[in-house]
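First the structure, in the form of structure tokens, and then the observations on it.
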Amino acid sequence: MKELIKQAAEDLAAARNVVALTGAGISIESGIPPFRGKGGLWERFDPMEIAHIDTLMRDPAKVWKILVKEMKEIVDRARPNDGHKGLAKLEARDKLQTIITQNIDGLHQAAGNTDVIEFHGTFAWQRCMDCNKKYETRKVDISEIPPRCECGGILRPDAVFFGEIIPPEAMRRSRQAATDCDLMLVIGTSAVVQPAAMIPVIAKDNGAKIVEINPERTPLTDQISDYLIMGKAGEVMNRIVSDLQKII
Ligand code: OAD
């Protein structure tokens with residue numbers, strides 16, 4: 001791993017435009033469970049049922065009780081870990097332009113990154129299913145479920161459910177960022193959910209180097225990634241930043 005960490009630091013030092021694509025794996029060390037794999041949310045629930053827009057429309061109280069309330073409690077408590085902080089340090093050294101994240105937990109912004117594209121929306125806000133008025137999640141009273149807007153409509157997370165499209169501006173900006181970068185860090189994503197999994201492919205097609213950080217192999221590993229640093233995001237980012245500091 002030592003050689004690959006050094007390689008990543010050198011690649012970062014040489015890069016002009018770096019973009020990171022992140023997934024649930026980067027937030028595990030902050031206490032947020034992933035979706036797939038051991039301890040993942042989708043071991044307990046069927047995402048096509050509980051995280052599908054049709055279920056939310058048909059039975060919002062069920063989605064709130066089973067999924068949203070628990071996520072609110074977990075996300076409210078979570079703080080950035082060394083993985084998020086490492087990316088913030090890269091931005092501070094002008095070695096990271098943009099983060100495209102599939103996460104809805106807001107931890108990249110909390111760590112200090114300023115250009116974060118929330119590909120699957122955000123959990124920081126709820127919006128009314130009738131009038132679209134937005135409410136900050138941490139201020140929403142959930143003593144009654146589902147919580148309601150002042151107009152009487154039901155509130156839902158401002159996040160993307162299965163069966164919904166990616167917010168068009170997030171889609172447009174992500175494609176652009178992937179096209180323009182010359183190095184993409186792909187951290188903590190299983191890369192099985194589309195269209196997010198296409199982002200590294202777009203970057204690769206446009207000549208970028210792809211560096212994956214993940215304790216497991218993914219569908220990108222053999223086909224798209226230049227190399228995989230097998231490890232946890234927090235530890236790997238700490239070591240990359242430390243090596244980078246010796247070079248620049
Ligand atoms: P997944 O839960 O599918 O994958 C998490 C990834 O993190 C796996 O590849 C793990 O090997 C890796 N991992 C585990 N521990 C790690 C650590 N400490 N550091 C780094 N990586 C680690 O999460 P996503 O790929 O983000 O979408 O899932 C994509 C989408 O599927 C989510 O945004 C969500 C979900 O259904 C929607 O809900 C629309």
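One-based numbering, in listed order, for ligands and for the atoms of each.
Looking only at protein heavy atoms, the nearest one to atom 32 (C) of ligand 1 is Phe35 CE1, 3.4 Å. Scanning all protein heavy atoms for the shortest distance to atom 25 (O) of ligand 1 gives Thr189 OG1, 2.7 Å. Looking only at protein heavy atoms, the nearest one to atom 7 (O) of ligand 1 is Gly25 CA, 3.2 Å. Nearest protein heavy-atom contact of atom 15 (N) of ligand 1 is Ile28 CD1, 3.2 Å. For atom 28 (O) of ligand 1, the nearest non-hydrogen atom of the protein is Arg36 NH1, 3.3 Å. For atom 11 (O) of ligand 1, the nearest non-hydrogen atom of the protein is Asn214 OD1, 2.7 Å. Protein heavy atom nearest atom 39 (C) of ligand 1, with residue, atom name and distance: Val160 O, 3.5 Å.
Residue pairs meeting the side chain to side chain donor-acceptor pair (under 3.5 Å) criterion with at least one member in residues 145-159, sequence neighbours excluded, are Arg127-Asp158, Lys133-Glu150, Lys134-Asp158, Arg156-Glu164.
Only side-chain heavy atoms of Val193 come within less than 4.0 Å of ligand 1; its backbone N, CA, C and O stay farther off. Contact annotation: for Phe161 versus ligand 1, there are no heavy atoms closer than 4.0 Å.
Glu118 and Arg173 are not joined by a salt bridge, as no carboxylate oxygen comes within less than 4.0 angstrom of a charged side-chain nitrogen. A salt bridge does not link Lys95 to Glu91: none of the charged side-chain nitrogens sits closer than 4.0 Å to a carboxylate oxygen. A salt bridge links Arg172 with Glu169: the distance from a Lys NZ or Arg NE/NH1/NH2 to an Asp or Glu carboxylate oxygen falls below 4.0 Å. Salt-bridge formation is not detected for the pair Glu216/Lys38: no Lys NZ or Arg NE/NH1/NH2 atom is positioned less than 4.0 Å from an Asp or Glu carboxylate oxygen. Under 4.0 Å is where a charged nitrogen must lie from a carboxylate oxygen, and between Asp243 and Lys6 no such pair does. No salt bridge links Glu73 with Arg77; every basic N to acidic carboxylate O contact stays at or beyond 4.0 Å.
There is a side-chain donor-acceptor pair under 3.5 Å between Glu212 and Thr218.
Partners of Ser242 under the side-chain hydrogen bond (donor to acceptor under 3.5 Å, both in side chains) rule, at least two apart in sequence or in another chain, do not exist in this structure.
Closest to atom 5 (C) of ligand 1 by heavy atom, among Gly23, Ala191, Gly231, Gly188, is Gly188. One option in Ser30, Ser190, Ala196, Gly234 has a heavy atom closer to atom 1 (P) of ligand 1 than any other, and that option is Ser190. Considering Gln102, Lys38, His120 only, the shortest heavy-atom separation from atom 27 (O) of ligand 1 involves His120. Selection from Ser27, Ala233, Gly39 by nearest heavy atom to atom 20 (C) of ligand 1 gives Ala233.
The CG atom of Leu155 sits 6.5 Å away from the CH2 atom of Trp64 when rounded to the nearest 0.5 Å. Note: Thr137 OG1 to Asp76 CG = 8.0 Å, rounded to the nearest 0.5 Å.
For ligand 1, the atoms sitting less than 4.0 Å from at least one non-hydrogen atom of Ala24 are 23 (O), 24 (P), 26 (O), numbered in the order shown with element in parentheses. Less than 4.0 angstrom separates some heavy atom of Pro34 from each of these atoms of ligand 1: 2 (O). Near Trp42, the atoms of ligand 1 lying under 4.0 angstrom from a non-hydrogen atom of the residue are 35 (C), 36 (O). Distances below 4.0 Å separate heavy atoms of Glu216 from the following atoms of ligand 1: 11 (O). For ligand 1, the atoms sitting less than 4.0 Å from at least one non-hydrogen atom of Phe162 are 36 (O), numbered in the order shown with element in parentheses. In summary, the atoms of ligand 1 found under 4.0 Å from a heavy atom of Pro215, numbered by their order in the structure, are 13 (N), 14 (C), 15 (N), 16 (C), 20 (C), 21 (N), 22 (C). Near Glu29, with a cut-off below 4.0 Å to any heavy atom, the atoms of ligand 1 are 17 (C), 18 (N), 19 (N).
Exactly one residue among Val193, Val192, Val186, Ile187 makes a side chain to side chain contact (heavy atoms under 4.5 Å, CB included) with Thr189. That residue is Val186.
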